[in-house]
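This report concerns only the one structure given below.
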Protein chains: 2
Amino acid sequence: MKRRPVRADPYHKLREAIVSGQLHPNERLVEAAIAERIGAGRTAVRAALVRLDQEGLVELERNRGARVRHISDGEALEIEEVRAVLEAMLARRAATRVSAEGLSALRQVMIQMRERVAAGDSIGYSELNATFHQTIWTAAGHPTASRLVAGLKSQGIRFQYQTALRPGRAERSLREHEAIFAALKAHDGDAAEAAMREHLAEVLDTLRWAIDTQHRTARWLPG
Amino acid sequence: MKRRPVRADPYHKLREAIVSGQLHPNERLVEAAIAERIGAGRTAVRAALVRLDQEGLVELERNRGARVRHISDGEALEIEEVRAVLEAMLARRAATRVSAEGLSALRQVMIQMRERVAAGDSIGYSELNATFHQTIWTAAGHPTASRLVAGLKSQGIRFQYQTALRPGRAERSLREHEAIFAALKAHDGDAAEAAMREHLAEVLDTLRWAIDTQHRTARWLPG
DNA sequence: ATCCTCAATAATGTCGACAATTCGGCAAGG
DNA sequence: CCTTGCCGAATTGTCGACATTATTGAGGAT
């Protein structure tokens, strides 16, 4: 009857380590080392690496081991682009299907987001942002699309911290979320899709800005 | 230097067996049996099952083995819905990026499709259909979206045979493809996205028809 | 007759060991 | 000085054996 928590599963441990940035892109993942580090057998680690490879978080080359997959700038833009069209679809669906409880949950998140923006807490806002979007996925009742979007999000997470750094981004993002929330509350599918689309177009722009800024900084501070 | 072909890989063998329908939905996949059947070790089969589980073609339950994942009617519709928005995006992109070679390839496929329709060869047409869409994915130059769409297609493949059975479907489908091709040739992104969207909306309708027909038939021929 | 218990069985999960492969350095040759 | 071939360390790929877990069926109690 003793079922150990999921956190003991090498897959979840490794996944967390990669997504949280403890393991860096292109870092080699030696099976034996990982096995000892997280207290598991090499077999379990191997299975976890296969899953993460299929998921796109790890790159697995035959006879050459595994490494944390490096998501290039261009690929990050692609990911965000796909996320945009999928979330737009989900927003439309959510508008017609969202329950009273769903709207209530969204309202709570909106209230907290306003607080964070007022307090100038960018990273707290960012976390609430994730919650907001996830709530919409749930409301849409579309497991297939939700799975894909969740996977994409985990791949692009490395870039999402940088987008929060843009001046005035939080305030603008908050206004966009208000529009999405209003459309959902009104059960207006067209408006919800349009608002979400506009929001994610902005996110894409911000991402381009972040990438560009990074390049400039790198050029100015060589070595 | 002897590199055995990919077909020897248990993953590809199993995948092919599932997608081609040799292994039926909900059929149990006993590791030892498969290992002997395809001449591989249990370890390799195990790794293949993990990959296929992550891919959505196999369902893996802890301590309870693997079975071919059964895609429900509702899930098939969800898959097609997601495929529609992704392919619409890819069509738009392809319109602005397609090369002369890409257009030439599409033209060739169109010619053959017209032949098949004229000959009343539904399944030959269906195969060309797949080629047509894949060519567009390639032209779009969007690996991230292409990967996702390819994965979705393999999951929904069981239903695609049924859609070809609808009377007059091939002729209508051909006209829709002509519209898509024309938009791509004109490098008109808006038109390409719209044409693809309309096409896949039709496919979705046909899928609903196929599922409905199946249910009626099942009721009329019980047991 | 029905339900419960419990052993028998079959399959999966895990571990250790060994074979196969890659990669680095190093020496010989051009 | 650069290239080529080879050896050895490190790592992955594979196999077999065993432990663990679910399932099944018989037998007995109610």
* If you pin A:Arg42 and B:Glu31 to their nearest nucleotides in DNA chain C, which one's is more 5'? -> B:Glu31

* To do: Would you mind telling me which of C:dA11, D:dT11, C:dT14 lies closest to the side-chain atoms of B:Arg28?
  => C:dA11

* Could you tell me whether the side chain of B:Arg64 has a donor or acceptor atom within less than 3.5 Å of a complementary atom in the base of C:dG13? => no

* To do: Using only side-chain N and O atoms of B:Arg46, determine if any of them is under 4.0 Å from OP1 or OP2 of C:dT12.
  => no

* Compute whether any side-chain donor of one residue and acceptor of the other, for B:Tyr125 and B:Ser173, lie under 3.5 angstrom apart. => yes

* Asked: Starting at the 5' end of DNA chain C, which residue's closest nucleotide do you reach first, A:Thr43 or B:Val30?
  -> B:Val30

* Considering just the side-chain nitrogens and oxygens of B:Arg62, establish if one lies under 4.0 Å of OP1 or OP2 belonging to C:dT14. => yes

* Passing option when B:Glu87 is tested against B:Glu193, B:Met196, B:Arg197 for side-chain contact (heavy atoms from CB on, under 4.5 Å) -> B:Met196

* Asked: Expressed in angstrom and rounded to an integer, what is the separation of A:Leu60 atom CG from D:dT12 atom P?
  -> 9 Å

* Answer yes or no: is there an ion pair linking B:Arg67 with B:Glu59, defined by an N-O contact shorter than 4.0 Å? => no

* Have a look at B:Leu29 and say if it touches a base, only the backbone sugar-phosphate, or nothing, with a 4.0 Å heavy-atom cut-off. => sugar-phosphate

* Between A:Tyr11 and A:Glu55, do the side chains contain an N or O donor and an N or O acceptor separated by less than 3.5 Å? -> yes

